[in-house]
Amino acid sequence: MQKAKMFTLFAIVILTWGSTWLAMKFALVSMPPIFATGLRFLSAAPLLLWLLRITRSSLLFPPGHRIFQFCVFLFCYCLPFTLVLYGEQYVDPSTAAIIFAVMPVAVMLISIVVLNAPTSLLQLMGAMLALLSLFCILQEEARVSMSNNWKGALAVVLAVFMHAFMYVQCKKRSCQVSLFTFNTLPCLAAGLILTMIGAIVEKPMLENITLLSFASIIYLGIVAGVFGILCYFSLQKRISTFSTSLVFICFPVITVFLECLLMDSVFSQTSWALLAMMLGGVFLSLIPVEKRKRVSTSQQQWN
């Protein structure tokens, strides 16, 4: 029964994360990126406030960590999510998802610099394989689509490194706050500010917003933004960090399949091979040292 629950949670997470990238593309059909990002957070904020209240969590970080709470607002919400939606104006959902799948590699590399985290040659080789394969995928997709998508790709890459840097900073600062304290105020503030900035700068035509775009925003805010994250953290409590991180290997495959199915896109055989190499590199970078020792020991016993 417990295994069934874990499998269900894992499936929910990869399906919600995998479909998020298509929802972003659909939201951009009739909304500009800053305004759409603001509405996404505004749709999630009421539910987060309600969960904050029923769990009796604090709205503010503890004293001494409130400047960091502002950094969460800026570098976990405002900038990276706006960059992702901006980037998806130029790249396909599958490309954006594939770039985000290197998040564990980015976390590992930043941890080496910031935390002096121990690593191994195999992890570094996996990181190098993942990054080189990603570069080749971007080149292949640009060649197939006959378009220059580097502007959008760089925006998504920058968003990945912002999220990875903030994750490492949380570990460095031992930021022990509840999930709802961490997300509620930054989400609400980002929603209000980005919606106002988008309304002033981008001047969206509200009468032209389609039902598809509006429904995508609600999906991004409530289903992917709140429900998906709750499932992910619930999964983290039940299985190891290594097993949870396998989500990053699975969800881009879901995105590619959904894009091919719903948008009649074509993902070339070369791109599939490069994606397999990239995800293999991510997998190598995730394997903890003790896991590798167990694998080596079992192989010696077998031989």
Side-chain angles (χ1 to χ4, degrees), residues 9 13 17 20 34 37-85 100 103-104 106-119 158-200 220-241 244-245 247-248:
L9 280 172
V13 171
W17 286 23
T20 291
I34 299 176
T37 305
L39 288 183
R40 171 184 185 171
F41 294 146
L42 280 183
S43 68
L47 180 55
L48 286 172
L49 285 168
W50 179 71
L51 291 169
L52 184 84
R53 182 177 180 181
I54 65 172
T55 57
R56 298 182 180 179
S57 302
S58 172
L59 186 65
L60 297 174
F61 280 29
H65 292 277
R66 288 173 185 170
I67 293 177
F68 184 62
Q69 188 173 24
F70 175 78
C71 293
V72 171
F73 150 76
L74 190 61
F75 296 110
C76 285
Y77 278 89
C78 275
L79 294 179
F81 283 98
T82 302
L83 283 169
V84 169
L85 272 177
F100 237 84
M103 176 75 75
V107 169
M108 185 195 77
L109 296 176
I110 293 173
S111 295
I112 293 171
V113 176
V114 176
L115 303 177
N116 197 24
T119 187
L158 185 57
V160 168
F161 276 91
M162 281 185 186
H163 274 298
F165 181 77
M166 290 302 295
Y167 178 83
V168 172
Q169 285 298 315
C170 286
K171 290 176 65 177
K172 181 180 180 181
R173 295 167 181 268
S174 299
C175 188
Q176 300 293 330
V177 296
S178 78
L179 175 64
F180 304 116
T181 299
F182 188 89
N183 288 283
T184 301
L185 186 57
C187 179
L188 176 61
L192 291 171
I193 290 172
L194 290 175
T195 302
M196 287 190 291
I197 292 175
I200 295 169
L220 288 168
I222 296 176
V223 179
V226 179
F227 181 68
I229 289 194
L230 286 175
C231 289
Y232 179 76
F233 280 96
S234 178
L235 186 67
Q236 270 191 326
K237 294 177 182 178
R238 288 171 166 81
I239 60 177
S240 67
T241 302
T244 308
S245 298
V247 166
F248 287 92

So CH2 of Trp50 and OG1 of Thr55: to nearest 0.5 Å the spacing works out to 9.5 Å
CD1 (Ile197) and SG (Cys78) are apart, to the nearest 0.5 Å, by 7.0 Å
> Is the gap between the ring centers of Phe182 and His65 under 6.0 Å?
Replying inline: no
So for atom OH, which belongs to Tyr232, do other residues, nucleotides or ligands contribute more than 12 heavy atoms lying within a distance under 6.0 Å? yes
In short, Ala159 meets Phe100 closest at the heavy-atom pair CB-CE1, 4.3 Å
Heavy-atom closest pair (Phe75 atom, Pro80 atom, distance to 0.1 Å) is O-CG, 3.1 Å
Might you work through the side-chain contact (heavy atoms from CB on, under 4.5 Å) test for Ile222 and Phe227, ending with a clear yes or no?
CA-CA 6 Å; Ile222 296 176; Phe227 181 68; 5.8 Å; no
Heavy atoms of Pro62 and Val177 approach each other most closely as CD-CG1, 3.5 Å
Residues Phe180 and Leu48: closest non-hydrogen pair is CD2-CD2, 4.3 Å
Contact between Met162 and Phe81 at the side-chain level, heavy atoms closer than 4.5 Å - yes or no?
no
Donor-acceptor pair, Arg66 side chain versus Phe61 backbone, under 3.5 Å?
yes
Q. Is there a side-chain contact between Tyr167 and Ser111 (heavy atoms, below 4.5 Å)?
A. no
Practice task
Answer whether the closest heavy-atom distance between the side chains of Leu158 and Leu79 falls below 4.5 Å.
Solution key: no
Distance col, row Leu59:CG vs Gln69:CD, nearest 0.5 angstrom, shows 7.0 Å
Q.
Looking at Arg53, I want to see if its CZ is surrounded by more than 12 non-hydrogen atoms of other residues, nucleotides or ligands under 6.0 Å.
A. no
In terms of heavy-atom contacts, Leu194 and Gly38 come closest through CB-CA, 3.7 Å
Decide side-chain contact (heavy atoms from CB on, under 4.5 Å) for Leu179 and Leu230; before the verdict, give the C-alpha distance in whole Å, the side-chain angles of both, and the deciding distance to 0.1 Å. CA-CA 8 Å; Leu179 175 64; Leu230 286 175; 3.5 Å; yes
Value for CD1 (Ile34) from CE (Met196), rounded to nearest 0.5 Å, stands at 13.0 Å
Value for CG (Leu51) from OG1 (Thr184), rounded to nearest 0.5 Å, stands at 7.5 Å
Review point. Below 6.0 angstrom between ring centroids: does that apply to Phe41 and Tyr77?
Key: yes
The ring pair (Phe, Tyr, Trp, His ring centres under 6.0 Å) partners of Phe161 (sequence neighbours excluded) come to none
Closer than 3.5 angstrom, by distance alone: can the side chain of Thr195 be matched with the main-chain N or O of Leu192 as a donor-acceptor pair?
no
**Message:** Could you check whether atom CD1 of Ile67 has more than 12 heavy atoms from other residues, nucleotides or ligands sitting under 6.0 Å from it?
**Reply:** no
Rounding to 0.5 Å, atoms OG1 (Thr244) and NZ (Lys237) come to a distance of 12.0 Å
Residues Phe165 and Val114: closest non-hydrogen pair is CE1-CG2, 4.2 Å
